[in-house]
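In what follows, a single structure is set out as structure tokens and then discussed.
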Amino acid sequence: MDMSKTYSPKEFETKIYEKWEQEGYFHAQPNADKIPFTVVIPPPNITGQLHMGHALNQTLQDSIVRYKRMQGYEALWLPGTDHASIATEVKIIEQMAKEGISKEDLGREGFLERAWAWKEKYGNRIVEQIKHLGSSCDWDRLAFTMDERCSKAVREVFVKLYEKGLIYQGSKIINWCPCCKTALSDAEVEYTEEPSFFWHLRYPFADGSGYITVATTRPETMLGDTAVAVNPTDERYIPFIGKTLILPLVNREIPVVGDSYVDKEFGSGAVKITPAHDPNDFEVGLRHNLEVIRVMNDDGTMNEKAGEYCGLDRFEARKKIIEDLEKCGALVRIEPHAHNVGHCYRCHNSVEPIISKQWFVKMEPLAKPAIEAVRKNRTKFTPDRFSKIYFNWMENIRNWCISRQLWWGHRIPAFYCKDCGHITVAKEDPTACSKCGSKNIWQDEDVLDTWFSSALWPFSTLGYPDATADLEYFFPTDVLVTAYDIIFFWVARMIFSSLEHMKTVPFKDVLIHGIVRDAEGRKMSKSLGNGIDPLEIIDEYGADSLRFSLINGISAGNDTRFSKEKTEGARNFMNKIWNASRFVIMNCEGNKVPDITECKLTLADKWILSKLNAAVRSVTLNMEKYEMGLACASLYDFVWSDLCDWYIELTKPVLYGGDEAKKSSALGVLVYVLKSALKLLHPFVPFITEEIYQNLPGTDGSIMVSPFPRYNGKQSYRKEAASMEAVMEIIKTVRNIKVQVGAAPSKKVQLNVLTADYAKAIKACSVYIERLAGVSEIVFIGSKEEVTGKTVSHVLPSCELFIPLGELVDTDKEIARLEGELEKVNSEIARANAKLNNQGFVAKAPKALIDGEKEKLVKFNEMKEKLEAQIKEFKN
RNA sequence: GGGGGCGUAGCCCAGUUGGUUAGAGCGCUUGCUUGACAUGCAAGAGGUCGAUAGUUCGAGCCUAUUCGUCCCCACCA
């Protein structure tokens with residue numbers, strides 16, 4: 001045996017992972033003899049490195065996959081990474097800026113070369129980090145959203161949707177990030193409320209007959225105003241509809257139009273209309289045939305339509321325009337106002353709603369079946385409440401802007417004909433226009449939203465669009481595990497994409513987990529500097545400690561806090577497992593270890609087997625419900641309290657005693673229970689369990705492919721377990737009494753037992769009581785009169801205990817203590833009586849419950865009598 | 001404006017379909033070199049489960065209202 005005295009994960013984690021890989025345990029392939037179980041990884045972005053959120057996400061998936069694999073499923077966990085179009089491009093540009101180069105310096109091709117190099121470096125790093133966590137991914141299938149296979153799927157889907165009319169090109173108001181210089185989808189905009197102002201402006205009538213006051217939060221857009229709208233039922237304004245206003249600063253004539261979009265109650269009841277810079281205004285513009293004047297460039301500066309403000313940055317322009325409006329008397333007043341400002345989710349600069357020609361996916365026809373599928377539970381959210389969030393989004397979904405003015409990503413497969421203007425969209429790059437045959441064609445410069453390819457992930461990684469054996473066998477996948485923050489970005493889009501292209505849901509279950517926060521409950525973020533690197537934690541405490549601390553006690557969908565203290569606790573637990581195993585293995589050395597079926601089971605053996613059995617059931621039930629937190633908690637309790645604190649202690653007198661047969665039998669049970677516990681633990685803490693398993697006698701192969709324990713009805717041993725617990729109760733009581741009278745724990749005492757039903761069990765367990773409670777001898781008495789001298793007594797449901805302690809006994813304290821006990825018993829009697837006297841309870845409660853109460857009442861009444869007798873005795 | 005989470009011991013959290021005397025961990029108190037482990041062992045203290053009302057024989061759990069707190073969604077200029 002070469003196990004070190006303390007758990008030191010560094011000595012074995014890497015070695016074990018390499019072994020697993022070499023043995024091919026992670027690999028899965030279609031196997032007619034097995035039921036598949038498939039999980040696809042939420043592909044981490046290649047932008048950076050693993051954070052705690054990934055660590056949690058990985059641990060949850062790995063525990064599920066390992067559990068299923070041990071249960072005999074052909075378990076596939078398909079790994080991969082995401083090119084993360086905009087996020088990666090932003091990072092690369094940042095890196096280039098440090099070197100003083102811009103995108104334009106490199107050109108598209110040069111830039112892409114650099115991007116691929118980035119992918120190579122950071123993609124590999126992520127993979128390495130995932131391996132450190134112990135994730136049992138099938139690395140033979142490592143995928144990347146821009147690899148050949150996924151790109152083929154993207155192309156296929158784009159063409160299909162285009163041909164179906166579900167992808168179209170159009171000029172609409174989109175969210176524009178002037179910093180990233182690209183369009184964004186609605187989901188990519190984050191709104192924050194910021195203190196700002198309402199600028200109330202006065203637009204005069206052309207005929208000099210007065211003015212209309214409008215308010216705006218973005219005064220610079222007034223340069224592009226092409227109307228003022230009022231509600232057609234608003235009596236204040238009806239006479240003015242159709243009249244002409246002079247737009248200040250610009251001196252353009254603009255009409256007053258009536259449109260029901262305007263809320264009469266809000267502000268002045270008149271709205272300036274800027275069709276090029278506001279989605280609502282754009283709609284109003286369409287209805288009234290208004291001119292669309294875009295006054296801003298892609299980089300956020302004002303363009304030539306902005307006249308003298310041309311070239312100014314949008315915020316400078318705002319300042320100047322306000323000044324000028326004030327000068328010319330058009331600024332009526334400034335009112336403080338909290339404004340909801342949209343920000344780019346990648347660079348966090350404020351986005352501009354701007355009119356732009358982009359590609360869109362028509363969502364309504366896709367959303368409908370996606371709503372149905374979840375409504376009919378073909379895909380089930382855990383916890384269920386997230387389906388509401390999903391419905392809410394899907395039901396109010398708007399068309400998806402999928403084109404991005406970036407270089408890193410899947411280039412849009414649309415080819416424009418310079419001669420006839422026709423757009424050719426095809427699976428293979430065309431050499432000529434499909435309409436006029438001209439060779440004078442060029443490909444769209446833009447790339448697709450990164451989420452367009454992630455949406456296909458569950459099937460593109462398995463071979464779509466080809467009808468592969470993998471796809472046939474492993475799809476649809478079983479569970480998708482992800483945090484709630486990408487339900488819209490990813491989960492929802494996978495569902496409608498799969499329904500459209502695969503005609504089925506992409507996964508049966510979605511397990512939503514929360515976010516990992518810091519010890520104070522704050523979100524971990526770079527700007528706060530409160531992020532904790534999982535690798536550092538692994539280095540210090542081991543991967544198993546990290547994994548266990550992340551999922552022990554968590555509940556689905558809820559956020560969790562991470563702290564070193566928790567990891568320390570988990571590490572201590574690992575150490576506990578380690579040392580308990582060391583104890584077992586040490587004792588096995590040089591001894592024959594029989595199979596559990598050959599063991600002559602003692603009361604203690606049956607008790608631990610019943611506890612093990614309960615743990616198996618708890619873990620299994622909770623795993624099926626994706627309650628990994630509860631599964632872990634029940635294992636923690638079983639291993640630490642039942643196995644270590646009690647059972648191992650109970651075996652010591654046997655192991656250190658001289659009876660070889662008993663010793664051998666105890667070893668058989670110990671090894672069996674430990675081995676089972678290790679298997680139960682393995683999905684959560686794979687490394688330590690494997691390392692110990694390899695050292696345990698009677699094991700061969702890897703624990704990760706050994707069968708998972710199953711609930712065994714024959715091992716419930718309810719009666720025996722109850723007897724054993726009665727004995728344990730006696731041990732606790734004796735310990736307690738010693739503390740109360742101030743006797744040293746090592747002081748041996750004589751224990752007198754008065755019992756009717758438990759003599760046999762207590763006799764069988766006398767050696768345990770003697771050793772664990774520090775008892776010199778156990779005397780069975782027929783009545784309490786047999787005990788002489790000053791005694792401390794205690795009433796248990798199973799028996800009465802009398803311990804002669806001579807001078808240590810303080811009569812007054814004893815009376816007080818017994819009276820305290822009596823009080824408790826009395827209140828229990830009162831409670832039980834109240835229940836049993838309640839007609840409703842007796843009439844309606846289940847019989848077992850009523851019987852239980854009756855039994856308790858009898859028991860407590862007996863105890864009451866005994867206590868009263870003892871108190872009386874003391875008082876004499 | 002809509003939707004949701006959370007509120008249980010000093011702290012951080014569990015609590016499965018309503019049913020024993022509401023549980024862990026950390027922290028705290030007291031004691032212990034008990035031949036696996038001081039990353040330990042033993043014994044303890046500590047909770048009117050945010051508030052109110054209701055449903056029920058029975059509520060931490062279900063319903064309504066309410067307070068506090070966090071989050072998501074939404075084009076009111």
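Because only heavy atoms are used, hydrogens play no part in the values below, and waters and symmetry mates are left out as well, while side chains stay in. Naming convention: chains lettered A, B, ... in sequence-line order (proteins, then strands); numbering from 1 in each chain.
Pair assignment for B:A45 gives none, since no Watson-Crick or G-U wobble pairing has each distance under 3.5 Å. Nucleotide B:U66 forms a Watson-Crick or G-U wobble pair with B:G50, both donor-acceptor distances falling under 3.5 Å. Across all strands shown, nothing is found opposite B:U39 as a Watson-Crick or G-U wobble partner with both distances under 3.5 Å. Under the Watson-Crick and G-U wobble criteria, each requiring two contacts below 3.5 Å, nucleotide B:U33 is left unpaired. Pair assignment for B:G10: B:C26, on the basis of Watson-Crick or G-U wobble contacts that are both within less than 3.5 Å.
Note that A:Arg333 lies outside the cation-pi zone of A:Trp199, set by a 6.0 Å cut-off to the ring centre and a 45° limit from the axis. Annotation: cation-pi pair A:Lys652/A:Phe583 present, NZ/CZ under 6.0 Å from the ring centroid and within 45° of its normal. With a 6.0 Å cutoff to the six-membered ring centre and a 45° limit on the axis angle, A:Arg771 does not count as a cation-pi contact of A:Trp646.
Closest approach to the A:Lys5 side chain among B:A36, B:U39, B:A38 is made by B:A38 (side chain taken as heavy atoms from C-beta onward). Distance from the side chain of A:Asn575 is smallest to B:C37 among B:C37, B:G25, B:C12. Side chain of A:Arg582, nearest nucleotide from B:U39, B:C73, B:C37: B:C37. In this structure, the nucleotide among B:G31, B:A77, B:C37 sitting nearest to the side chain of A:Asn579 is B:C37. Among the nucleotides B:C73, B:G19, B:G40, the one closest to any side-chain atom of A:Lys576 is B:G40. Distance from the side chain of A:Asn340 is smallest to B:A74 among B:A36, B:A74, B:A77. Between B:G25, B:C75, B:G19, one nucleotide has an atom nearer to the side chain of A:Tyr261 than all others, and that is B:C75. Distances from the side chain of A:His339 to the nucleotides B:A77, B:A36, B:A24 place B:A77 closest.
Taking atom P on both B:G46 and B:C37, the two are 34 Å apart, rounded to the nearest angstrom. B:C70 and B:U56 are spaced 33 Å apart, taking the C1' atom of each and rounding to whole Å. Comparing the C1' positions of B:C13 and B:U65 gives an interatomic distance of 28 Å, to the nearest angstrom. Here the separation of B:G2 from B:C75, taken at their P atoms, is 16 Å to the nearest Å.
A:Gly852 comes within 4.0 angstrom of nothing in the nucleic acid, heavy atoms only. Across all strands shown, A:Ile554 has no heavy atoms under 4.0 Å from either base or sugar-phosphate atoms. No engagement by A:Phe573 is indicated, since no non-hydrogen atom pair under 4.0 Å with the nucleic acid exists. When heavy atoms are screened at a 4.0 angstrom cut-off, A:Ala843 is found touching no nucleic acid atom at all. Note on A:Val739: only backbone sugar-phosphate atoms sit closer than 4.0 angstrom, heavy atoms only; bases stay farther off. Residue contacts shown for A:Lys824 are absent, as no nucleic acid heavy atom lies under 4.0 Å away. Residue contacts for A:Glu283: at a heavy-atom cut-off of 4.0 Å it reaches no nucleic acid atom on any strand shown. A:Arg398 comes within 4.0 angstrom of sugar-phosphate atoms only, judged by non-hydrogen atoms across all strands, and of no base. Using a 4.0 Å heavy-atom cutoff across all strands shown, A:Tyr541 reaches no nucleic acid atom at all.
For A:Ser746 and B:U34, the shortest distance from a side-chain N or O to OP1 or OP2 is not below 4.0 Å. Note on A:Lys732: every side-chain N or O is 4.0 Å or more away from OP1 and OP2 of B:C41. Phosphate proximity of B:A14 to A:Asn558: present, with a side-chain N or O under 4.0 Å from OP1 or OP2. For B:C41, one of the phosphate oxygens OP1 or OP2 lies less than 4.0 angstrom from a side-chain nitrogen or oxygen of A:Trp640. The phosphate of B:A43 has OP1 or OP2 within less than 4.0 Å of a side-chain N or O from A:Arg735. Put simply, A:Lys388 has no side-chain N or O that comes within less than 4.0 Å of OP1 or OP2 on B:G5.
Taking the six-membered ring for Trp and the full ring otherwise, A:Phe197 and A:His337 have centroids separated by 6.0 Å or more. Less than 6.0 angstrom separates the ring centroid of A:Phe489 from the ring centroid of A:Tyr345.
In this structure, the aromatic ring of A:Tyr656 is positioned over the six-membered ring of the base of B:G35, centres within 5.5 Å and planes within 30°.
Judged by distance alone with a 3.5 Å cut-off, no donor-acceptor contact links the side chain of A:Glu627 to the base of B:A14.
Contact check on A:Lys611 versus A:Glu725 returns a salt bridge, with a Lys/Arg side-chain nitrogen under 4.0 Å from an Asp/Glu carboxylate oxygen.
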